[in-house]
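Throughout, a chain's letter reflects where its sequence line sits, starting with A, and its residues are numbered from 1.
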2 protein chains.
Amino acid sequence: MSAPNAEPAPVRVGRAGRSTRRAGGPTRPRVSHSLEAVLGGAVAILDEGGEDALTFRALAQHLGGGVASIYWYVANKQELLARAADHVLATLVAETRDVADPDPIGEIRALAVQLFDVVESRPWLAGYFMANSGLQPNSMRYYERVGRPLLRLDLTSQQRFHAVSAVVGFVIGTAADIGQEPPEELLDGSVARDEFLGRHADLWRALDADEFPFVHDIADAFAHHDDAEQFRAGLDLLLAGLRLQAMAPRPVGPEPREGGG
Amino acid sequence: MSAPNAEPAPVRVGRAGRSTRRAGGPTRPRVSHSLEAVLGGAVAILDEGGEDALTFRALAQHLGGGVASIYWYVANKQELLARAADHVLATLVAETRDVADPDPIGEIRALAVQLFDVVESRPWLAGYFMANSGLQPNSMRYYERVGRPLLRLDLTSQQRFHAVSAVVGFVIGTAADIGQEPPEELLDGSVARDEFLGRHADLWRALDADEFPFVHDIADAFAHHDDAEQFRAGLDLLLAGLRLQAMAPRPVGPEPREGGG
DNA sequence: ATCTCGACCGAACAACGTTCGATACATCGA
DNA sequence: TCGATGTATCGAACGTTGTTCGGTCGAGAT
């Protein structure tokens, strides 16, 4: 009720850094923020220390101000995260402006790989991408960007809807799975990635061979796998299926749920 | 240090309910727990009220005991969630015992749909499935279950590894996207699902037609979409791609990363 | 009866998200 | 120049959360 509405948060830029410190008081000099600064700070903290590191107190300290001030720009932590996620998506959308390919599916592939790269380097994104509030215009823009090449293919609207949802779902799911908080031993550099994977694979190989034939079969592949390559392999399966669908003749007769508006 | 190791947590069953209440004291009678009871209670609370509802105090009250007792069975909340997730996976693995199909890809499809159904009814699962600690034996069993049909196909180990990772990643990603906390108006029943989707679609249609041609194109499909159908459509694209790969001749010459042993 | 040790509990702690009332500052009309 | 106004910032507090600590209960062994 008394909290600022979801609406307001006027975007103002560049005013940060005006210090006007009071001459006599022991009180901390006032600081000026901006939505840009708040979101940028949030992203910086998320990138540095992951999801747990982002607290209002940490963000306030990062900005050099007080905790309560943040609530002027953001109604609660959920909105902070949603807006921060959309904030980094803005740069992704900007970068995808150049992407073009005579082959529509090739274009989608490029867009998906770009999204994967972003989410892989920022695992916290996965959880808040598509937090379907109205606070994420760039998420929608990306959705549009991926869907547009599909308009060039002979598909029904429903097939297009399913295709985009599948591609984005696949990217997010795989990236979330892959980008899970790596156990500290990896971050310390105390254990190399190869060794970590190798040890994990050894655990798999130690399982009963009759009960886990498949796990045994892929232990080697897992031990030497590359995340991005793994992602692209799955993506190509999905896109191969999509291409097949686009080449197949459309179903005959009136289609369910098509051409209404 | 003083917390119980990740190892111990001996599984004991059925002792709950022994009350032995002290005659004179105003103190609460002692209660006996078990790992089973703790995880079952956690799952019940998660199902009822979602991820936020699961607190140590709520769980303690549900069990009729004290807060600190839970830490005898579980080192921290992360482990509680990981074990709870694996706990429900146990029933999934049990149910998949019957699944069989002469067509390997048909079998995988059935398994994927089953997983989707579970995650859709328990959205909290998505985040903690594959929290690759060693605490989730059933997660691994499911992985094995999905991968086994692939042994019947003419693929490299790497291709099998990629395929399973793609299928599971797709299921989790789509389920997580779909099963996002529905806005309260839906839970209240105050707004029907159709109306909710319709209003959302109207927002899409209100966007600029030149800037968002694709969003306009799929607005109708979105307004009438069914989550499970949407999922299955994407899954079938992925599996079609996989079938194509299985039919294609294997690459010639020594394969990278294969058969090293 | 006593000892032992696995299992349980109450009470406390620090950290977190959030709120409240006070207050500084820029702007503007007089 | 002055005061009024509304925007933006802040310190301090509140309730809740995960987690820890020291103590205690009680079944089975001695």
Peer 1: Take atom OH of B/Y73 and atom P of D/dT19, then tell me their distance rounded to the nearest Å.
Peer 2: 18 Å
Peer 1: Under the ring-ring contact (aromatic ring centres under 6.0 Å, His included) test, which residues partner B/F214, sequence neighbours left out?
Peer 2: none
Peer 1: With distance as the sole test, does A/H200 use its side chain to make a donor-acceptor pair with the main-chain N or O of A/L197 at under 3.5 Å?
Peer 2: no
Peer 1: What integer distance in Å separates A/L81:CG from C/dC16:P?
Peer 2: 14 Å
Peer 1: How close or far is atom C1' of D/dT17 from atom CG of B/N76, stated in whole angstroms?
Peer 2: 14 Å
Peer 1: Atom CD of A/Q61 and atom P of C/dG17: how far apart are they, to the nearest Å?
Peer 2: 14 Å
Peer 1: Please list, chain by chain and in numerical order, all residues satisfying salt bridge (Lys or Arg N to Asp or Glu O under 4.0 Å) with A/D117, sequence neighbours excluded.
Peer 2: none
Peer 1: Test of understanding: with side-chain hydrogen bond (donor to acceptor under 3.5 Å, both in side chains), list the residues that count as partners of B/S165, not counting sequence neighbours.
Peer 2: A/Q230
Peer 1: Closest to the B/S69 side chain: C/dC8, D/dT19, D/dA8?
Peer 2: C/dC8
Peer 1: So, is B/Y71 near the phosphate of D/dC21, with a side-chain N or O under 4.0 Å from OP1 or OP2?
Peer 2: no
Peer 1: Between B/K77 and B/A68, who's closer to the 5' end of DNA chain D by nearest nucleotide?
Peer 2: B/K77
Peer 1: Go through the structure and list residues passing side-chain hydrogen bond (donor to acceptor under 3.5 Å, both in side chains) with A/E144, not counting sequence neighbours.
Peer 2: A/R148
Peer 1: Taking only heavy atoms on the protein side, list every residue of residues 45-59 of chain A lying under 4.0 Å from any atom of DNA chain D, sorted numerically.
Peer 2: A/R57
Peer 1: Considering just the side-chain nitrogens and oxygens of A/W72, establish if one lies under 4.0 Å of OP1 or OP2 belonging to D/dT9.
Peer 2: no
Peer 1: Residues in side-chain hydrogen bond (donor to acceptor under 3.5 Å, both in side chains) with A/Y128, at least two apart?
Peer 2: A/E51
Peer 1: Could you check how far CG of A/L35 sits from C1' of D/dT7, rounded to whole Å?
Peer 2: 15 Å
